[in-house]
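Heads up: the structure comes next, in structure tokens.
Note that ligands are numbered from 1 as they come in the structure, with each ligand's atoms numbered from 1 the same way. These numbers come from a predicted model, not from an experiment.
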Amino acid sequence: MSTRPITTTDAGIPAPSDEHSQSVGPNGPLLLQDHYLIQKMAHFNRERVPERVVHAKGGGAHGILQITEDVSQFTKAGLFQKGKETPLFLRFSSVAGELGSPDTQRDPRGFAIKFYTEEGNYDIVGNNTPIFFIRDPQKFSDFIHSQKRRADTNLRDHNMQWDFWTLSPETAHQVTFLMTDRGTPASWRHVHGFGSHTFLWYNAAGEKFWIKYHFKTDQGIKNFTDAEAGAVIAQDADYHIRDLHTAIKNGDHPSWTVNVQVMPFEDAADYRFNPFDLTKVWPHSDYPEITIGKFVLNRNPDNYFAEVEQSSFEPANLVPGIGPSPDKMLQGRLFSYPDAHRYRIGANYLQLPINRPLSPVHSYNKDGQMAFVNPSDPVYAPNTVGGPAADPALFEGENYQVSGEIIRSAYTLHREDDDYVQPRALWENVLSDTDRSHLVSNVVGHASAPEVTAEMKKRVVEYWTNIHKDLGQGVAQGLGVAG
Ligand code: NDP
Ligand code: HEM
């Protein structure tokens, strides 16, 4: 007798046939009463959830964070206490392309981590760059539209991209990163990750610090040249997913060293750069990186849809000991992500195995589509019947004073704030001669697309000249624009 299980409908009823629909005679029409066929076709039509509006193409893996140093003087967050081990899931992604887009296209790479802590889930939803293109969430959807497809041709359009960038000088730092070979990483294992924003840490005594996360790849940085990245696109659109999956399957577990920069709370007021501006780094000479631990990726997902596609990261998932900073971009993101998940996955997305915390949930939220973890009574608070009660003491330390008029304005400029000073430092002090020559040729290649107009090319040259005259000159020469 066969040991194979019998196929069933999704209701568990044994299926009558894996091959034949119910028909009137062998050659006759099919019957509406064939529930098994109808269930199969109807479910297939609903297999896709909407892809992420950005960062649609990605892959991920499970791992573990280990804290090796004592940072209790800076934060009381349980996951960052010395000796602690916390399971995590990390999703890498590219930004602008759709679900089937090639992995090695020039783009920042998403670096989103969900830590399953004893105090609920903590998400750091960062990139492989320490900065971003813009500093106000008002501009985010416009920026993304300029990176995606035109309304008329449905094609991506470099003229549109340079139009946005050259009209938005705050993009200069991130576009410089993007146009170096770090815009075409050789694999996800060979990128750094950054929390990018400034976050608040507070310790058990309520003392506060501003911090930035740096996750340094232990594999070393490895990039493709523009030509190499293009050649890989022609061979394997899923190159990065395959690389990560294969490495982990073969026991070659990638790891990252976890570093933080810590700024005393009071320094923020007159630091030389506005420390909440996402287009700026904190130079290491001001705030050196401190190593606090390491994480390793050691387990591939069993099911791509359930673990990668349904994973839902949100910068608003902050645990006691960690709070948001007034970075306007972070503030916008606190709203945007859970809103996206409710649309993309559904109101109860946090009940799905990849998103639900390992720690118990005692929430008064209830019901909704696909609710499968349901609360018992009482269903309201406050109550006199022993239901869960909040503990304000857990968040003592997150408080700080703000005041001001309600306005729409740019950030207050600090002493050295300027859109070009930090990309200029990258060009002058950090990039090697090879990096510089690839930066120039990558820009020239990008701005040489047939749709980029002569007028736009002049603006492109001006953009790069503002960062450094040699860079501007190189771009002018390559584009054949008089400098
Ligand atoms: P440092 O010389 O102390 O640091 C330079 C940083 O640049 C290091 O983190 C280095 O780390 C990284 N780096 C090296 N090569 C490249 C590259 N080709 N592309 C991008 N980053 C690279 O100088 P500062 O801290 O004063 O920063 C100077 C400039 O370096 C900044 O204006 C910024 O553009 C860039 N930078 C600064 C960072 C920061 O947090 N301070 C972080 C990353 C870049 P690694 O090689 O390990 O990536
Ligand atoms: C994904 C919005 C800025 C990193 C997303 C998604 C939205 C979004 C709606 C899709 C979420 C989903 O469907 O699961 C925004 C807005 C921003 C912003 C409104 C600015 C105001 C940033 C910045 C970073 C970043 C600054 C990095 C520092 C990511 C990453 C993902 C993502 C890594 C993919 C997460 C995953 O792997 O599921 N963003 N974003 N975003 N964003 Fe942003």
Quiz prompt | Best match, Gly193, Pro137, Gly195, Pro50: closest heavy atom to atom 21 (C) of ligand 2 | solution =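 Shortest heavy-atom distance from atom 21 (C) of ligand 2: Pro137.
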What protein heavy atom sits nearest [atom], and how far off is it?
atom	value
atom 21 (N) of ligand 1	Arg182 NH1, 3.6 Å
atom 26 (O) of ligand 1	Pro283 CB, 3.4 Å
atom 44 (C) of ligand 1	Phe177 CZ, 3.5 Å
atom 31 (C) of ligand 1	Val281 CG2, 3.8 Å
atom 45 (P) of ligand 1	His192 NE2, 3.5 Å
atom 3 (O) of ligand 1	His284 ND1, 3.0 Å
atom 41 (N) of ligand 1	Trp282 O, 3.1 Å
atom 27 (C) of ligand 2	Asn127 ND2, 3.1 Å
atom 33 (C) of ligand 2	Gly126 O, 3.2 Å
atom 32 (C) of ligand 2	His55 CD2, 3.1 Å
atom 2 (O) of ligand 1	Val430 CG2, 4.3 Å

Exercise. Flag the pair Phe215 / Phe194 as yes when their ring centroid distance falls below 6.0 Å, and as no otherwise.
Key: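 They do not qualify: ring centres at least 6.0 Å apart.
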Practice problem: Report yes if Glu289 has an N/O atom closer than 3.5 Å to an N/O atom of ligand 1; otherwise report no. | Solution: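 N/O-N/O distance below 3.5 Å does not exist for this pair.
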Quiz item: If you measure every N/O of Ser285 against every N/O of ligand 1, is any gap under 3.5 Å?
Solution: no
Self-check item: N-O pairing of Asp218 and Lys294 below 4.0 Å
Solution: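 Yes, charged N to carboxylate O under 4.0 Å.
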Quiz item: Does the protein place any heavy atom closer than 4.0 Å to atom 33 (C) of ligand 1?
Solution: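 So far as the 4.0 Å threshold goes, atom 33 (C) of ligand 1 is in reach of a protein heavy atom.
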Quiz item: atom 13 (N) of ligand 1: protein heavy atom closer than 4.0 Å?
Solution: yes
Practice problem: Report the relative orientation of the aromatic rings in Trp256 and Phe111; use parallel for angles under 30°, tilted for 30 to 60°, perpendicular for over 60°. | Solution: perpendicular
Exercise. Using a 4.0 Å heavy-atom cut-off, say whether Lys212 meets ligand 1 through its side chain, its backbone, both or neither.
Key: neither
Quiz prompt | Location of contacts on Leu431 toward ligand 1, heavy atoms closer than 4.0 Å | solution =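 Contact part for Leu431 vs ligand 1: side chain (C-beta onward).
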Practice problem: Report yes if Tyr337 has an N/O atom closer than 3.5 Å to an N/O atom of ligand 2; otherwise report no. | Solution: yes
Quiz item: Does Ser311, backbone or side chain, put an N or O under 3.5 Å from an N or O of ligand 2?
Solution: no
Practice problem: Check whether any N, O or S atom of Ser336 sits under 2.8 Å from atom 43 (Fe) of ligand 2. | Solution: no
Quiz item: Can Phe265 and Tyr202 be said to form a side-chain contact (heavy atoms from CB on, under 4.5 Å), step by step?
Solution: CA-CA 10 Å; Phe265 186 82; Tyr202 53 96; over 6 Å; no
Quiz item: Which one holds for Ser196 and ligand 2: side chain close, backbone close, both close, or neither close, with close meaning a heavy atom under 4.0 Å?
Solution: side chain
Exercise. Please state which part of Leu278 comes within less than 4.0 Å of ligand 2, counting heavy atoms only: side chain, backbone, both or neither.
Key: side chain
Quiz item: Does Arg424 have a non-hydrogen atom less than 4.0 Å from ligand 1?
Solution: no
